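One structure is given here, and the rest of the page talks about it.
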Number of protein chains: 2
Amino acid sequence: MSLKHAILVMLETEPGSGYDLMRHFRQRLGYFWNAKHQQVYQQLKQLAIDGYIEYTLEAQADKPDKKVYSITPAGVEELRQWIAAPVAPNKINDPLLVKLYGGHLSDRDNLLAELERHIDTHRRRLQELEAIEQTLLSFDKAEQEAMKYPYITLRRGILGERAWLDWAAEAQQIINK
Amino acid sequence: MSLKHAILVMLETEPGSGYDLMRHFRQRLGYFWNAKHQQVYQQLKQLAIDGYIEYTLEAQADKPDKKVYSITPAGVEELRQWIAAPVAPNKINDPLLVKLYGGHLSDRDNLLAELERHIDTHRRRLQELEAIEQTLLSFDKAEQEAMKYPYITLRRGILGERAWLDWAAEAQQIINK
DNA sequence: TATGAATATGCAAATTGTTGCATATTAAAT
DNA sequence: ATTTAATATGCAACAATTTGCATATTCATA
């Protein structure tokens with residue numbers, strides 16, 4: 001289970017609320033981590049019980065109150081150890097490919113429409129990631145050095161999305177052929 | 001839940017046992033579907049109860065007996081409907097990227113060693129997929145046409161692995177820099 | 001002035017997936 | 001002769017994830 005560590009690694013960068021973390025997952029880290037808000041709030045609760053994080057309540061003038069979590073030294077140590085240990089390669093379960101594998105049971109137009117919907121999503125995603133990259137590249141040397149590791153993961157997102165789109169174009173051609 | 005449909009789509013191509021399906025997942029479809037044997041056997045049981053598949057017991061001279069499952073008309077219909085309905089884009093949770101995101105908490109050698117391990121896995125995977133592709137390309141026109149949709153998913157595997165390796169090479173450079 | 005979107009958090013139930021344990025046969029290797 | 005690998009299936013407990021429900025505020029829009 002690494003939702004726990006995904007949360008810790010984000011809080012290690014910067015304290016934040018469950019809602020902040022969710023925004024991060026949705027808007028920035030979606031290409032490598034996804035979770036529902038219920039799961040995030042549950043984990044935050046548990047991580048606080050385990051002493052890996054702690055929180056302060058913050059009243060806000062214009063918005064509902066929020067719990068701002070930050071990582072504890074015990075949390076940093078836990079994270080450090082997890083990062084040092086080997087991890088199994090990422091498990092992939094992709095329903096779209098299951099569908100395409102059985103494409104002969106559907107009709108061409110349906111498959112192409114479905115593919116088109118997915119292409120839209122991935123195109124938007126790629127644009128977002130490239131925009132983030134442009135921002136990072138506008139930073140000065142010191143800031144870029146500080147963002148080195150997140151940048152590596154961002155590149156994975158970008159190369160991954162481009163490869164996905166290249167494949168989708170191939171897939172369209174084969175289906176139409 | 002699409003493990004159910006991943007199993008149905010395989011049985012629609014060809015009847016097989018739980019063990020056969022597992023071999024498929026491990027050796028051929030690992031780039032788009034993964035499952036443990038316990039889960040596969042459970043699902044097979046449930047799918048049989050639901051009437052989507054049925055089985056015959058086959059005694060084998062040299063090996064333990066096996067249950068050979070095949071899809072029923074109800075199963076094909078269920079699969080057809082599932083394929084026709086839109087599906088949400090694939091959810092990605094990649095622990096390796098979580099690790100790299102927090103790379104500043106580890107040391108360079110550890111990160112590079114970890115990356116090397118993953119590169120080995122992906123390289124092997126790519127070679128296997130390219131070998132399968134060569135086999136498919138040696139088939140005659142009619143057979144290739146019949147394998148059109150599985151071939152599209154195979155291409156996803158190949159392009160995906162190549163992109164992964166390209167990224168890994170970039171990552172090594174950035175870490176070493 | 002209602003309606004929806006964004007912010008903010010959470011419980012409970014159900015489903016899905018993993019881990020640990022268990023068994024039995026045959027072929028090949030040591 | 002014994003061990004290991006491959007074949008073949010399964011239960012039970014536990015962990016992780018999803019779905020459904022629930023609440024409350026503020027801002028912008030219709």
Side-chain angles (χ1 to χ4, degrees), chain A residues 1-8 10-11 15-27 30 33-50 53 55-69 82 87-95 98, chain B residues 1-8 10-11 15-27 30 32-50 53-69 82 87-95 98:
Chain A
M1 211 271 295
S2 349
L3 167 59
K4 182 172 153 177
H5 302 105
I7 291 173
L8 287 177
M10 279 194 271
L11 292 180
S17 66
Y19 198 82
D20 293 334
L21 292 172
M22 275 312 295
R23 222 194 291 97
H24 249 74
F25 280 140
R26 273 204 316 273
Q27 293 172 2
W33 206 270
N34 291 273
K36 309 265 167 174
H37 83 263
Q38 293 92 334
Q39 216 188 334
V40 170
Y41 286 118
Q42 259 172 27
Q43 270 304 313
L44 285 170
K45 195 179 163 184
Q46 191 55 48
L47 285 167
I49 291 170
D50 296 341
I53 60 175
Y55 67 91
T56 50
L57 270 173
E58 269 187 32
Q60 298 180 111
D62 49 344
K63 292 169 196 166
D65 296 354
K66 62 172 168 176
K67 290 183 181 174
V68 177
Y69 289 91
W82 179 79
V87 83
N90 188 21
K91 191 189 123 172
I92 297 169
N93 288 47
D94 190 340
V98 175
Chain B
M1 211 272 295
S2 348
L3 167 58
K4 183 172 153 177
H5 302 105
I7 290 173
L8 287 177
M10 280 194 269
L11 293 180
S17 67
Y19 197 83
D20 293 334
L21 293 172
M22 274 314 294
R23 221 194 291 97
H24 249 75
F25 280 140
R26 273 204 316 274
Q27 293 174 2
F32 77 78
W33 206 270
N34 292 272
K36 308 266 167 173
H37 83 262
Q38 293 91 333
Q39 214 187 335
V40 169
Y41 287 117
Q42 259 173 26
Q43 270 303 314
L44 285 170
K45 195 179 165 184
Q46 190 55 49
L47 284 167
I49 290 169
D50 296 342
I53 60 177
E54 56 194 8
Y55 68 90
T56 50
L57 271 174
E58 270 188 29
Q60 299 180 110
D62 50 344
K63 293 169 197 166
D65 296 354
K66 62 172 169 178
K67 290 184 181 176
V68 177
Y69 289 91
W82 179 77
V87 82
N90 188 22
K91 191 189 123 172
I92 297 169
N93 287 48
D94 190 341
V98 175

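It should be emphasised that the depicted structure is a prediction, and the values quoted were computed from it without experimental measurement. Chain identifiers are assigned alphabetically (A, B, ...) following the order of the sequence lines, protein sequences preceding nucleic acid strands; residue numbering begins at 1 within each chain.
Looking at Asp50(A), its side chain never comes within 3.5 Å of a backbone N or O of Leu47(A) through a donor-acceptor pair.
A straight line from CG of Asp65(B) to P of dG10(D) spans 11 Å, rounded to a whole angstrom. Between the P atom of dA8(D) and the OH atom of Tyr55(B) lies a distance of 17 Å, rounded to the nearest Å. Look at CG on Asn34(B): it is 12 Å from C1' on dG17(C), rounded to the nearest Å. Asn93(B) has its CG atom 15 Å from the C1' atom of dA15(D), to the nearest Å. Summarising the geometry, the separation between CD on Gln46(B) and C1' on dC11(D) is reported as 15 Å, rounded to the nearest angstrom. The CG atom of Asp20(A) sits 7 Å away from the P atom of dA8(C) (whole-angstrom rounding). Protein atom CG of Asn90(B) is 15 Å distant from nucleotide atom P of dT17(D), rounded to whole Å. Here the P atom of nucleotide dG17(C) and the CE atom of Met22(B) are 13 Å apart, to the nearest Å.
The side chain of Tyr41(B) has dA8(D) as its nearest neighbour among dG17(C), dA8(C), dA8(D). Picking from dT9(C), dA12(D), dT9(D) the nucleotide with the shortest atom distance to the side chain of Gln42(B) gives dA12(D). Which of dG10(D), dT9(C), dG17(C) sits closest to the side chain of His37(A) comes down to dT9(C).
In this model, the phosphate group of dT18(C) is approached by a side-chain N or O of Lys91(A) to a distance below 4.0 Å at OP1 or OP2. Considering only side-chain N and O atoms, Ser17(B) lies nowhere under 4.0 angstrom from the phosphate OP1 or OP2 of dT7(D). OP1 or OP2 of dT19(D) lies within a sub-4.0 Å distance of a side-chain N or O belonging to Lys36(A). Phosphate contact (OP1/OP2 of dC11(C), side-chain N/O of Lys45(A), threshold under 4.0 Å): present. Using a 4.0 Å cut-off, no side-chain N or O of Arg23(B) falls inside it from OP1 or OP2 of dA6(D). Between Tyr19(B) and dT7(D) there is a side-chain N or O to OP1 or OP2 distance below 4.0 Å.
Residues Lys67(A) and Leu44(A) fail the side-chain proximity criterion, which asks for heavy atoms closer than 4.5 Å. In this structure, Phe25(B) and Val40(B) have side chains that are in contact, with non-hydrogen atoms separated by less than 4.5 Å. Asn93(A) is not listed as a side-chain neighbour of Val98(A), based on a closest heavy-atom distance of 4.5 Å or more. Inter-residue side-chain proximity for His24(B) and Trp33(B) is flagged as unmet; no heavy-atom pair is nearer than 4.5 Å.
Between Leu3(A) and Gln27(B), the residue anchored closer to the 5' end of DNA chain D is Gln27(B), taking for each the nucleotide with the nearest heavy atom.
For dG20(D), the base has a donor-acceptor partner in the side chain of Gln38(A) [N/O atoms by modelled type, under 3.5 angstrom]. A donor N or O paired with an acceptor N or O is not found under 3.5 Å between the base of dG10(C) and the side-chain atoms of Gln39(A).
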